[in-house]
Amino acid sequence: MRDAIVIGGGHNGLVCAFYLARAGLKVTVLERRAVVGGAAVTEEFHPGFRNSVAAYTVSLLNPRVIRDMDLAGHGLRIVERPLSNFLPLGDDGYLKVGAGRTASEVARFSQRDAARLDAYHAHLDSAADLLRELVLETPPNRVEGGWLAALPELLKAGRLGNRARKLSLSSQRELLDLFTKSAGDYLDGWFESAPIKAAYGFDSVVGNFASPYTPGSAYVLLHHVFGEVNGRKGAWGHAIGGMGAITQAMAKAVQALGVEIRTDCAVAEVLLARGRATGVVTARGERLDARVVVSNLNPRLLYTQLVDPGALPGDFLRRMQAWRCGSGTFRMNVALSELPDFTCLPGRTAAEHHGSGIVIAPSLQYMERAYMDARTLGWSRAPIVEMLIPSTLDASLAPPGQHVASLFCQHVAPELPNGASWDNHREEVADLMIDTVDRHAPNFRRAVLGRQIMSPLDLERTFGLVGGDIFHGALGLDQLFSARPMLGHADYRGPIAGLYTCGSGTHPGGGVTGAPGHNAAREILRDVRPRRAARGGHVENHHPRL
Ligand SMILES: Cc1cc2nc3c(=O)[nH]c(=O)nc-3n(C[C@H](O)[C@H](O)[C@H](O)COP(=O)(O)OP(=O)(O)OC[C@H]3O[C@@H](n4cnc5c(N)ncnc54)[C@H](O)[C@@H]3O)c2cc1C
């Protein structure tokens, strides 16, 4: 019998399978789609044009995971963007944000803001450093039972408290701000000019169906800066071959350890016997047994669709049904005959701004309006669009002289008002997104040769992302750290013995990080010893500390 079944071959499922197999467990990964990788995949969306069809840029992928899985040895190469961001600002010109550039750019709008940039980054970095230290740790978990059961968790909480105490008072204040305030209030406290607040505030609405002035949105901003590219903290980059290059390298790493991957194999049900998970039944009716079952799915999807509700405590089920999902994200990929020619910075030959994250959202107020529109009307009439043109960095994605662009658009309502369906509004909203870019680069609409459109409903249907939630659950204080996915279950174990969660709905949350998969494997290995070890084999050699 196999030791572990992983439901879902997203990147976290693959990472978890890797660590389990490396420790000597016999593992099978079951993926519903024809390809593994979940939301981190590269596909041909128009003849001759390939792109990262959902997740599109890399930073959060944990360096330890990259190293342990030898992703570089399995073909992964990540390059930095020449410039972090470019914001076309209409009559106000543009703002470029990038290493060594930002201060002089910001000074054109405010000398005072330019002078404050270093202090801002120092404060943000110290908070991000703490987050970096925590991503590969299991959060302190609230446990039932006597002091003996609670002791390890108390120690963990104590260690965490110690770490926080070592921060200076000023850093602790900053941390409090970042965990509780809105991004808008936080940025207003630092800067006075709109463009730099927009450039930084954009991170707070990424995948977060909220205004930048919604309390708690500052954390979402922080969540997007704890990564790095090739050792450069906070940078974002491009995986050559697209995000699928990451997950294909992961697939090679797990297969090299003997993990079986089955694609086109949806799981319909988790099998239970005497209150324990014992295997799964696939949509085709095949029964597969295992000592443990690990889910890479949004926890709401797992517990409301694949597990017998009668086997779950009532309060747990009620909370899972109410798990907050929905990102406000609309995703497009477009094939382009030529590069966009921006009115504020003309030119159709590749320049550094074409290789950056191009953010169409000139101010926090614009973003707030976008949210208000989407709440009341279903989608923002003046949406926020981030455009990346990865073919400027990677010739493998488009025919020579032509390009592919990712359009990552907010805000749209996960569910449209008055019972309207995304199936009837997808094309109309896609046109709006194209027109939004066209207003700043008037050759854009006519350069579009083909387009792929994913509304929140399409993201749910294609990738199993409930409400199109790109993080498997909102990154609010109520759904983070010891509360992800619920107080008492932050240790990757659910209420059913032998059933674990390893996806983005667990700590540290969404993004292509590999961290939930890594952490879940460590917890599973505490419960499940490789059988060869039980027979006196030498599994220790394959079981380094995680
Ligand atoms: C549009 C979009 C843009 C994003 N942009 C970025 C970005 O640029 N950078 C970044 O770091 N992050 C980004 N993210 C977030 C990131 O992609 C996700 O947080 C991450 O991919 C989640 O990984 P995961 O392995 O936890 O789950 P997933 O990638 O969701 O994988 C879960 C897997 O389970 C499979 N599955 C579902 N149901 C079943 C079933 N019943 N049986 C078997 N298999 C099943 C799914 O098909 C999927 O393959 C983006 C996400 C989206 C959707």
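Look at Arg81 and Glu352 and you find no salt bridge, because none of the NZ, NE, NH1 or NH2 atoms lies under 4.0 Å from a carboxylate O. Taking 4.0 Å as the cut-off between side-chain N and carboxylate O, Arg50 and Glu43 do not count as a salt-bridged pair. Using a 4.0 Å cut-off between charged nitrogen and carboxylate oxygen, Lys26 and Asp3 do not count as a salt-bridge pair.
Across every non-hydrogen atom of Val404 and Ser391, the tightest pair is N-OG, 3.0 Å. Contact between Ala40 and Thr247 at its shortest, heavy atoms only, is O-OG1, 2.6 Å. Contact between Phe209 and Gly326 at its shortest, heavy atoms only, is CB-O, 3.8 Å. Across every non-hydrogen atom of His224 and Asp203, the tightest pair is ND1-O, 3.2 Å.
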Taking distance alone, no hydrogens or angles, what donor-acceptor pairs closer than 3.5 Å link side-chain atoms of residues 237-246 to residues at least two apart or in another chain?
from   : atom 1 : to     : atom 2 : distance (Å)
His238 : NE2    : Asp394 : OD2    : 2.9

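Side chains of Asp458 and Ser455: a donor-acceptor N/O pair is present below 3.5 angstrom, by distance only. Judged purely by distance below 3.5 Å, without hydrogens or angles, the side chains of Asn333 and Asn51 pair a donor atom with an acceptor atom. Between the side chains of His472 and Ser504, no donor-acceptor pair is found at a separation under 3.5 Å. Between the side chains of Glu105 and Tyr94, no donor N or O sits under 3.5 Å from an acceptor N or O. For the residue pair Arg484 and Thr506, no side-chain donor N or O sits within less than 3.5 Å of a side-chain acceptor on the partner. The closest side-chain donor-acceptor pair between Ser337 and Gln402, if any, does not fall under 3.5 angstrom.
Between Leu221 and Val206, every side-chain heavy-atom pair lies at or beyond the 4.5 Å cut-off. Between Val334 and His403, every side-chain heavy-atom pair lies at or beyond the 4.5 Å cut-off. Here the side chains of Val135 and Thr513 are not in contact, with every heavy-atom distance at 4.5 Å or above. Looking at heavy atoms from C-beta onward, Ser482 lies in side-chain contact with Pro140 at the 4.5 angstrom threshold.
Ring centroid separation for the pair Phe179 and Tyr219 comes in under the 6.0 Å cut-off. Aromatic ring centres of Tyr120 and Tyr200 lie closer together than 6.0 Å.
No donor-acceptor pair closer than 3.5 Å links the side chain of Glu228 to the backbone N or O of Lys233.
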Test salt bridge (charged side-chain N to carboxylate O under 4.0 Å, His left out) applied to Glu137 and Arg522, step by step: CA-CA 10 Å; Glu137 292 193 9; Arg522 180 183 51 228; over 6 Å; no
Worked check of side chain to side chain contact (heavy atoms under 4.5 Å, CB included) between Thr138 and Glu523: CA-CA 8 Å; Thr138 301; Glu523 296 301 328; 2.6 Å; yes
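With sequence neighbours excluded, the residues forming a ring pair (Phe, Tyr, Trp, His ring centres under 6.0 Å) with Phe226 are His223, listed by chain and number.
Taking the six-membered ring where tryptophan is involved, the planes of Phe86 and His353 are tilted, since the angle between them lies from 30° to 60°.
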